[in-house]
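What follows is one structure encoded as structure tokens, with my remarks underneath.
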Amino acid sequence: MIDSARAAGRIRIADLVSPGIAAIRPYEPGRPIDEVERELGIKGVIKLASNENPLGPSPRALEALSQELGKLSLYPDGACYYLRRALAAQLKVEEVEIALGNGSNELLDLLVRAFCTPEHEVLAPSHTFVCYRLAAQMHGVGYREIPRGPDFSYSVDAFLAAVTPRTRILFLANPDNPTGVYLGEAELLRLVRELPPQVILAVDEAYREYVRAPDYADLLARRCERELLVLLRTFSKIYGLAGVRCGYAIAPREVVSYLDRVRNPFNVSMPAQVAARAAIGDTAHVERSQRLNAAGMAQLQAGLERLGVRYIPSQANFLLIDVAPREGQEVFLALLRRAVIVRPLGGYRLPHHLRVTVGTAEENHQFLTELEAVLG
């Protein structure tokens with residue numbers, strides 16, 4: 001009935017959607033291994049596209065999950081009491097200073113929902129994590145990009161100059177995704193101190209555990225220097241729990257109280273709470289992951305240098321590589337046919353770039369071998 005009415009011209013779904021939502025380009029995740037193998041009829045595909053931990057989940061998290069599966073018929077703890085308590089103890093903050101989300105992505109959305117109106121705007125560096133833009137667009141809030149310096153470097157002067165009376169949130173990924181660059185302690189603390197006090201500085205630290213730079217700032221220890229400072233972290237990366245979706249924010253208690261008002265009930269599932277709580281104490285898994293990443297990063301950098309492929313030095317668990325004059329999409333598809341999934345970045349307006357996750361030594365070798373064959 002609906003289809004016939006639509007065919008007759010009486011219903012046009014696009015006319016029912018707000019212009020802001022209609023303009024959104026949906027987030028494009030990395031291709032799943034099963035989908036690529038099924039589509040191309042190949043086996044042995046490796047995925048280096050989504051910055052996942054090649055060691056897999058925290059073993060402690062898996063053990064804890066196995067003991068709780070019989071409780072899946074019950075709703076989760078809506079307040080995440082035990083997970084909040086565990087995080088507060090580890091971070092030495094108050095439980096009321098922690099907000100939990102269905103991945104840190106949800107917390108980006110909650111920040112915009114709680115603190116922005118259409119009269120406000122959100123700022124972020126150009127070519128950064130696309131979900132900052134999506135969070136603003138979903139709520140009809142203006143979004144403006146801040147230019148970068150050479151090799152995608154951050155400029156605090158540019159950040160400060162971009163602020164207007166309309167600015168409500170500045171999102172800053174440190175280290176950044178997809179470039180891997182970071183803002184060192186001296187400049188980051190200058191931003192913390194000089195950004196106008198009414199602007200929420202939301203620092204996304206999803207990859208902080210991978211950082212090797214000696215001048216990376218411990219903002220948790222410097223929270224007293226800025227009232228509106230929000231630190232965003234996740235269990236998806238080094239803890240290997242991307243599949244259960246759990247992230248958290250460390251923020252002033254009043255900020256957390258407003259995030260709790262706008263989140264959905266039971267927004268963090270029982271498996272996510274159980275796995276995350278167990279993973280917090282799995283320092284052995286974190287240390288193994290850090291060692292693997294450091295060795296794999298060195299392996300990829302040496303291989304790319306041998307091939308003459310330019311890359312941006314990274315403090316995360318991935319590399320941004322430049323395959324110009326080839327198109328990134330072209331190289332991505334060629335690698336796909338050779339059973340290697342990487343991430344093309346046309347959606348980030350980087351048409352000649354790919355993002356490659358650091359994998360195991362075997363996966364890194366396979367990627368470099370196939371990239372050499374594709375580039376000729």
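Quantities reported herein were computed from a predicted structural model and do not represent experimental measurements.
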### Task
Please check if atom CD in E194 has more than 12 non-hydrogen atoms from other residues, nucleotides or ligands closer than 6.0 Å.
yes
### Message
Please determine whether residues Y216 and L219 belong to a single hydrophobic cluster, defined as Ile, Leu, Val, Met, Phe, Trp and Tyr linked transitively by side-chain heavy-atom distances below 4.5 Å.
### Response
no
### Query
Can you say whether the rings of F266 and Y75 are parallel (under 30°), tilted (30 to 60°) or perpendicular (over 60°)?
parallel
### Message
Donor-acceptor pair, distance only, cut-off 3.5 Å: does the side chain of Q315 make one with the backbone of R212?
### Response
yes
### Query
Within the distance-only criterion (no hydrogens, no angle test), does the side chain of H352 pair as donor or acceptor with the backbone N or O of D322 below 3.5 angstrom?
no
### Task
Any chance you could lay out the side chain to side chain donor-acceptor pair (under 3.5 Å) test for N177 and R355, step after step, and finish with the verdict?
CA-CA 9 Å; N177 174 21; R355 191 190 66 196; 2.7 Å; yes
### Message
Check the orientation of Y207 and Y210. Use parallel for under 30°, tilted for 30 to 60°, and perpendicular for over 60°.
### Response
tilted
#### Entry: Heavy-atom neighbours of F152 CZ exceed 12 at 6.0 Å
yes
### Task
Mark yes or no for whether Q299, through its side chain, and N364, through its backbone, hold a donor-acceptor pair below 3.5 Å.
no
### Task
Could you tell me whether Y154 and F159 have their ring centroids closer than 6.0 angstrom?
yes
### Least distance between heavy atoms, N267 atom then L100 atom
ND2-O, 3.1 Å
### Message
Here's a test for you: under salt bridge (Lys or Arg N to Asp or Glu O under 4.0 Å), which of E363, E52, E37 qualifies with K47?
### Response
E52
### Task
Return the minimal non-hydrogen interatomic distance between I321 and V356, and the atom names on each side.
CD1-CG2, 4.1 Å
### Query
Linking I/L/V/M/F/W/Y whenever their side-chain heavy atoms sit closer than 4.5 Å, directly or via other members, would L48 and L304 fall into one cluster?
yes
### Message
To the closest 0.5 Å, what do you measure between OH (Y132) and OH (Y143)?
### Response
8.5 Å
### Task
Assess whether salt bridge (Lys or Arg N to Asp or Glu O under 4.0 Å) is satisfied between E68 and R277, documenting all intermediate values.
CA-CA 13 Å; E68 298 292 326; R277 183 181 167 204; over 6 Å; no
### Query
Can you tell me if N317 uses its side chain to pair, donor with acceptor, with the backbone of N51 under 3.5 Å?
yes
## Note on the structure
Taking every heavy atom of E121 against every heavy atom of R144, the minimum-distance pair comes out as OE2-NH2, 2.7 Å
### Query
Any luck finding a side-chain donor-acceptor pair between S236 and R245 under 3.5 Å?
yes
### Query
What's the shortest heavy-atom distance between P125 and L172, and which atoms?
CG-CD1, 4.1 Å
#### Entry: Distance-minimising heavy-atom pair for L241 and P57
CD2-CB, 4.0 Å
#### Entry: Test side chain to side chain donor-acceptor pair (under 3.5 Å) applied to Q67 and E63, step by step
CA-CA 7 Å; Q67 296 176 19; E63 174 61 25; 2.7 Å; yes
### Query
Which pair of non-hydrogen atoms, one from V262 and one from R113, has the smallest distance, and what is that distance?
O-NH1, 2.6 Å
### Query
Can you tell me how far CZ of R222 sits from CG of L231, rounded to the nearest 0.5 angstrom?
13.0 Å
### Query
R253 pairs by salt bridge (Lys or Arg N to Asp or Glu O under 4.0 Å) with which of E227, E97, E95, E94?
E94
### Query
For the side chain of Q273 and the backbone of V268, is there at least one donor-acceptor N/O pair under 3.5 Å apart?
yes
### Query
Between E209 (side chain) and Q290 (backbone), is there a donor-acceptor pair under 3.5 Å?
no
### Message
Go through it in stages, so that I can follow the logic: the residues are D260 and R84, the test is salt bridge (Lys or Arg N to Asp or Glu O under 4.0 Å), and I'd like the CA-CA distance, side-chain angles, deciding distance and then a yes or no.
### Response
CA-CA 13 Å; D260 275 338; R84 281 183 195 257; 3.2 Å; yes
